[in-house]
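Structure first, then comments.
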Amino acid sequence: MKKTHWLLRIFHNYLSFIMASLIFIMMIGGLVDISFRYLINKPIPGMSELMALGLGILVYGSLPLVTANNEHITVDLISWNKNRYVAPVVSFLVNVFSSLMLFTISWSIAQVAMDFASYGARSSFLEINLSMIAWVMSAMAFMCGLIFIAKSFPGKSSNQDKEKTP
Amino acid sequence: EDVTLRFSNWLPPTHLLSTEVIEPWAEQIEEVTEGRVNVQILSGLGSPESHYNLVKNGVADLAFSVDGYTSDRFVLPYAMRLPFLADDSTTASVAYWRTYKELLEQYNEFGDVKVMGLWTFGPGNIHTTEREITSLEDFEGLRIRVSSDIVKDIVETLGGSPMFAPASEVYELISRGVVDGASFNYDSITSFRIDDSLNYVLDIPGGLYRETHYIIMNQRKWDALEPRDQEAIMEVSGEALAILAGNAWDRNDAIAKERLIEQGYTITVPDEAFLQEIETELSVLAEDWKERVAPMGVDGQLVIDTFKEHIEQAEQELN
Amino acid sequence: MTISLIGISLVFVLLLLGVPIGIGMAIIGTAGFGYIVGLEPTLSMLGQITYETPVSYSLTIIPLFILMGNFISRAGLSQGLYDAAYSFLGHYRGGLALATLAACGSFSAVSGSSLATAATMSKVAMPQMRSYKYSDSLATGVIAAGGTLGILIPPSVLLVLYGIMTNNDIGKLFVAGIIPGVIALLMYGAAIAFVTARDPQAGPRGERSTWAMRLSALKKTSGIAILFLVIIGGLYIGIFTPTEAAAVGAGGGFFFALVKGTLTFTTLFDVLVETVKMTAMIFIILIGASLFSNFINVAGLPRALVAWTDNMNLAPIAILLGILLIYIILGCMLESMSMMLLTVPIFYPLIVSLGFDPIWFGIIVIVVIEISLITPPVGLNAFIMKATLPDVSIKTIFKGVFPFVIADLFRLALLVALPGLVLYLPSLM
Ligand code: NA
Ligand code: NA
């Protein structure tokens, strides 16, 4: 994320902040839940539900961060970046494949969101609108796909960045 | 030409529904269609809750699931799960199928899938580790692991505190004392291997609840079958499938109950006065449900009465 | 069968190109499923899996245990632990690796997941081994391998799953894992001794500490000891579930980091962001693996394997060895949870019909899954190491893990030859 546009950088920081807050809240939520269960013999209704939905958002919301920072787990048994003719081609293919997959995932979660909306699906305790949750996950997957696209164009933030700066 | 149907089965292959219902039923289908229709049983292609969608969208052709897992989609079967209705699974299962054909089918809750069979397990009751329940006060503050909406409603109404947890955590929750008990039928106690930790059951005549199950088929796959095959398959499905599943549950519940008694399990049958108290407390469940289905144009009382009539009739036929 | 093999080969190609692992498996899983079942159902299956896999309460255990580990290492509690371990074991060759192993073993008694164990221990142990000039390959190898004990030493998420799937006593399964866990520790210790005997620079000796130093070092571990005791005690007495234990562990880690004064707003932010990123990396692989196993499932590979085994008409032990070989080959490709979900339904009935003990087989399955976690090209624990240590190449990690894979194969052979090692403890119940 060295030479990225200032707008992207701000966005990156906001998203990081939201995801950091989310995991922290989930931790506190878990602690409060177990305290309540023992102190007043009642679990907080729907806490586990909240944590499950939180995890769904956490995973997809953090995916763009992982992608933007080139931190995906890969099998680097062959170091393509050593060959300066092959490297851009391989990097282009990898990023295009990945972005296509993420767009497909985004699209398919959007279908889930629309299906939820069609019968007004709500979580069983807190009656959270599940369609909304799915839309957020879909949007985040879409954004992750966009970042892969951005990376498929050689230049400022390509796959090789990280290997150069160990 | 021959058709192969994919049955996505998320249950463990050793579960009694796999060995005593799904597999035999699949074999029956091959038999009655003289091999023109084959059923290939796959391990589950998604979570239990997703199986309605998997079949609707053609990911799988056939699936079994529990409608209580997606109770916002299936509102009507709740009536079949209400307390005190039936002493065994077979009569309730047959009555459920007949009630479905007579009343529930017209509301089309299953939407775009073909309903192959419906049944209930049960009767289910509350089993506890240390506290024997002999009065309403004993429910107070009792932490109970629940698996579906009906049990959650029951436990809450009686003053306990329900805790949702997946089946994979049941053993841990109970053996470590995180919960004081759980809602089960007898067979589940032994098949989950928690008979060492649980010691008491409040055995309500007619059952405190029962869970409702279904087997569904992708509509397009069904429509594409030859009429003679459709007819032959329905011969072994519907009510026949309800009896197959009901018998399997009853057989295994009886074996489990006997084993638990041998192990010194305490089976508490409430006296008349206590039972009366429970009935009064829980009458709100049926009332709430009737209110919920009224906007759908459903006469809730009629559904409950019809189910009861069919149970009585099935009891006479089957015994 | 053919189509499954083509699919597996294509995944290899994508991964070697450098496509992120989860995404590569997702691409082939989705494409393969679509080829067999058709486009529309496949997109619906894709939505289902990608939505519901991360929306799970029980899986919150993964980010929370990672968070605990990150707090612990940020609080410097790990420093104390390793100073203590070093004071006792440091003057042996590879002593700190042995200490790491012991820590992996004890952490496994708190964690039900191998991934969480490896992730936490990599945070805790790696900086120390580096500061004592251990070779990266030995250091990452011992953590990746030691981390696999998370699913063998109770509690174990996978043993619970096996118990439910096959209708076996989970308590017995848990108890059955203890002796094989201890054997694993001993054999891994031997592997460390072997590596450091061949290459003394891989795990250099340190100075022998005096008893006064040892005691003072031991005192500094009280924080982590308290955390361990709270979590282990809480789990075994039944104060909380594993998932709640993870929340308590993360909260405790936060508390100690706070008390130690090592936590500023910036470091807290770093710890949290690091945690969510590792969580996303792990879950995209979980999702990809689920998609890929759905493809293999409808392509009929497990079925074909059984038919093939049946046709061979062999003695039970030969079939068992065949199954184990299949497990090890599949294990090179598949993630632990999907391997369990995919194979147990197929092999379990066969194994039981051949007269093998179901509890014993459960442990054997766990051991082969442990192996799968550290064998290339898809070895999740090795990837966890890679995720926490971006500057170490995956090649180095797999190289470092190799001696431990050999140790695992010896252990597997031992448990197959002497089932009593598994079954003695449960027989006392
Ligand atoms: Na463990
Ligand atoms: Na592997």
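Numbered from 1 within each chain, the chains take letters A, B, ... in sequence-line order. Side chains included, hydrogens not; waters and symmetry mates left out as well; all remaining heavy atoms used.
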Spacing of [X] atom [atom1] and [Y] atom [atom2] [to the nearest 0.5 Å]:
| X | Y | atom1 | atom2 | value |
| --- | --- | --- | --- | --- |
| C:T60 | A:L50 | OG1 | CG | 11.5 Å |
| A:M47 | C:E244 | CE | CD | 11.0 Å |
| C:L272 | A:S62 | CG | OG | 11.0 Å |
| C:F71 | A:M27 | CZ | CE | 5.0 Å |
| C:K277 | A:L58 | NZ | CG | 13.0 Å |

Discussion item. Can you confirm whether more than 12 heavy atoms, excluding those of C:F269, are under 6.0 Å from its CZ atom?
Written reply: yes
Worksheet item: Would the number of heavy atoms belonging to other residues, nucleotides or ligands and lying under 6.0 Å from CZ of A:F103 be above 12?
Response: yes
Fill in: Per-residue contact mode, A:V66 against chain C (heavy atom under 4.5 angstrom)
both
Discussion item. What part of A:I57 gets within 4.5 angstrom of chain C, counting heavy atoms only: side chain, backbone, both, or neither?
Written reply: neither
Please classify the contact between [X] and chain A as side chain, backbone, both or neither, with a heavy-atom cut-off of under 4.5 Å.
| X | value |
| --- | --- |
| C:L46 | both |
| C:S56 | backbone |
| C:T30 | side chain |
| C:I49 | neither |
| C:Q48 | backbone |

Worksheet entry | For chain C, which residues of residues 15-26 of chain A have heavy atoms nearer than 4.5 angstrom |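 Within residues 15-26 of chain A, the residues under 4.5 Å from chain C are A:S16, A:F17, A:M19, A:A20, A:I23, A:F24, A:M26.
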Worksheet item: Quick one: does A:L63's side chain get under 4.5 Å of C:F283's, heavy atoms only?
Response: no
Worksheet item: Side-chain contact, heavy-atom cut-off 4.5 Å: A:F148 with C:P20?
Response: yes
Worksheet item: Taking the six-membered ring where the residue is Trp, are the ring centres of A:Y60 and C:Y51 under 6.0 Å apart?
Response: no
Response to the item:
In terms of heavy-atom pairs under 4.5 Å with chain A, the winner among C:G47, C:P54, C:G22 is C:P54
For [X] and [Y], which heavy atoms make the closest approach, and how far apart are they?
| X | Y | value |
| --- | --- | --- |
| C:G251 | A:L31 | CA-CD1, 3.7 Å |
| A:V90 | C:L17 | CG1-O, 3.2 Å |
| C:G18 | A:V94 | O-CG1, 3.6 Å |
| A:E71 | C:M281 | O-SD, 3.4 Å |

Fill in: Name of the residue among C:V19, C:I27, C:I284 meeting side-chain contact (heavy atoms from CB on, under 4.5 Å) with A:M101
C:I27
Worksheet item: Hey, which of A:T104, A:V59, A:L102, A:I105 is the one that makes side-chain contact (heavy atoms from CB on, under 4.5 Å) with C:T50?
Response: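 Going through the options one by one, the only one that passes is A:I105.
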Discussion item. Non-hydrogen contacts under 4.5 angstrom with chain A: give the residues of residues 37-45 of chain C involved, or none if there are none.
Written reply: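 Heavy-atom contacts from residues 37-45 of chain C to chain A are C:L43.
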